[in-house]
Amino acid sequence: MLRNYEIDATWHYHNGTKHPNGMLLNRFHVYHPSHRPTPYKVYKNTSSIELTLDKNPTGVLTLDAISSQESFGNTTPDLKTLAKILYCSAGITKKIKFSGLGEVDFRAASCTGALYHIEIYIVCGNIPRLDAGVYHFDPKNMRLDVIRHGDYRGLVVDATANEQSAREAPVILIFTDVFSRNSIKYQARAYRHTFWDSGTILANTLAISSAHKTPTKIIAGFTDAPITKLLGVNPIQEAPILILTLGRSEPTASSIPHLSDTVPDSVPSDYDIEYPEITQMHDASSLLTPDEVSSWRVPLSIKKSQNTGIQLGDKAESSELIESTIIKRGSTRKFSLESITLEQLTTILDKTTHGINTDFSVDGESLSDIYIIANAVDGLEPGSYYYAQKNNSLEKLRQGNFRNASGNLGLDQDLPYDASVTIFFMTDLDKILKHFGNRGYRVAQLDAAITAGKMYLASYSLGLGATGLTFYDDLVTNFFSPHAKDKEPMFLMAIGKKEKST
Ligand SMILES: Cc1cc2nc3c(=O)[nH]c(=O)nc-3n(C[C@H](O)[C@H](O)[C@H](O)COP(=O)(O)O)c2cc1C
């Protein structure tokens, strides 16, 4: 059997990294913020290309940018557009001073522990003002580090088993994870964060690309080893995790320049910590040959419960442009106990839960189910609900004041207790793994995280606050059972009004 379909590997990892007692986590592990690793990869002795940020907004509303399902025509982003897309995905949008730590750079998308372990590489043909090459995005200096000269897109096309959008893409982004930068705090659970924190970035990338009328497709199925070699990274320390195609043009010429083994040196990570569970999970979910990739690439449609209940209707409006929402976004540190409105909740659910173009889902449908605890929503009785995406309705599961449960499920933090709603993304992991093998674990986490990332943007555009949160896995399943009895939580979002003083 192919290693990818030996799915015990995923169950071992997933069960072993559950809070509170996962056997792969050491409960006595301590992380001190003074040990925070440098949150950027720094290349030495290579040339670079300055990126100039175009501050003119596209004029596209946030709610349109995150929900657009338009299929854009042929477009080749130029260097200016690429700079904007990179900045709005992973650029530095604010700096905050902390006593003892000094000034910390915060980025366009949220990230567990603000550890910023996801790096972005660019593989492109000749585009206006940028020569064909392989580049690394340096957010600290807003520039591209040159990794290779020449057009290597054909190698990516081969790795994706000739996937059509890869064949036609003038620009391809590859995300990697520098594992130790996150595992230093979160131990082996950090492999979940690999996909959580790339999903929140992707939500921004998709939205800003859409605002630039640039088609995108997320490709989760590719042979891992050739991409690793192309980027010249050591996969135990830093591994490629997803591909995003940007734009569409004539198909790529097939000849690939010679791939030398040498790439520019980079400064080693501050900590050389290896969690074998992460390495094993990554290996077990790797695809080995283009043939394996093409038979893997059968999108999955999850049949979801569509019991009608409360039909959601009126929506809230927002005139906030996508760029200003991205700049404003943060993770709310204190919610007031005030209510949000049902219209606001409706908008957030409706605008975020479809329209993601991937190689794993059908018609942009999410693989996750959405469960909600409503603590304070004007027009909705407090209780727990299931969101039936297709008919935009809420099925009431239990009525009651569940603030305590909401706080408890979110690792006993104040944020999920105080929030107006907590939104749990849950998936039938067994079904996903049987279909996609271990690679399905990457897909399931990523799928939830992209929608959650869009929820950040939707909430901020409506003047609300939001934060991602971690959770006690099995307690979440129990709380929403019997409805959710075969599902595993993948992501938790809390949304509400920000406390005025914060
Ligand atoms: C998946 C995810 C889980 C998170 N979990 C928590 C959490 O459990 N508690 C918390 O206070 N913040 C949590 N955060 C918020 C991060 O700490 C925050 O994103 C990070 O500090 C960067 O700040 P910013 O989002 O304001 O840019 C989480 C964020 C994400 C994306």
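Both ligands and their constituent atoms are indexed starting at 1 by order of listing. Treat the numbers as computed from the prediction; the structure is a model and nothing was measured. These values consider heavy atoms only, across backbone and side chains, with no hydrogens, waters or symmetry-generated copies.
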Short N or O contacts of ligand 1 with protein, under 3.5 Å, listed by atom name?
residue  : atom   : partner : partner atom : Å
ligand 1 : 5 (N)  : Gly468  : O            : 3.3
ligand 1 : 8 (O)  : Gln413  : NE2          : 2.9
ligand 1 : 8 (O)  : Thr470  : N            : 3.2
ligand 1 : 9 (N)  : Gln413  : OE1          : 2.8
ligand 1 : 11 (O) : Arg333  : NH1          : 2.9
ligand 1 : 12 (N) : Arg333  : NH1          : 3.4
ligand 1 : 12 (N) : Arg333  : NH2          : 3.2
ligand 1 : 14 (N) : Gly468  : O            : 3.3
ligand 1 : 19 (O) : Cys111  : N            : 3.2
ligand 1 : 19 (O) : Cys111  : O            : 3.4
ligand 1 : 19 (O) : Ser331  : OG           : 3.0
ligand 1 : 25 (O) : Arg329  : NH1          : 3.0
ligand 1 : 25 (O) : Arg329  : NH2          : 3.4
ligand 1 : 25 (O) : Ser331  : N            : 3.3
ligand 1 : 25 (O) : Ser331  : OG           : 2.5
ligand 1 : 26 (O) : Ser331  : N            : 2.7
ligand 1 : 27 (O) : Arg329  : NH2          : 2.8

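For His14 and Tyr441, the gap between ring centers is short of 6.0 Å.
With sequence neighbours left out, the side-chain contact (heavy atoms from CB on, under 4.5 Å) criterion links Pro139 to Tyr40, Arg107, Phe137. Considering only residues two or more places apart in sequence or on other chains, Thr422 meets the side-chain hydrogen bond (donor to acceptor under 3.5 Å, both in side chains) condition with Ser406. The side-chain hydrogen bond (donor to acceptor under 3.5 Å, both in side chains) test applied to Asp359 returns no partner, not counting sequence neighbours.
Atom CD of Glu274 is surrounded by more than 12 heavy atoms from other residues, nucleotides or ligands within 6.0 Å.
Annotation: cation-pi pair Arg36/Tyr271 absent, no NZ/CZ under 6.0 Å from the ring centroid and within 45° of its normal.
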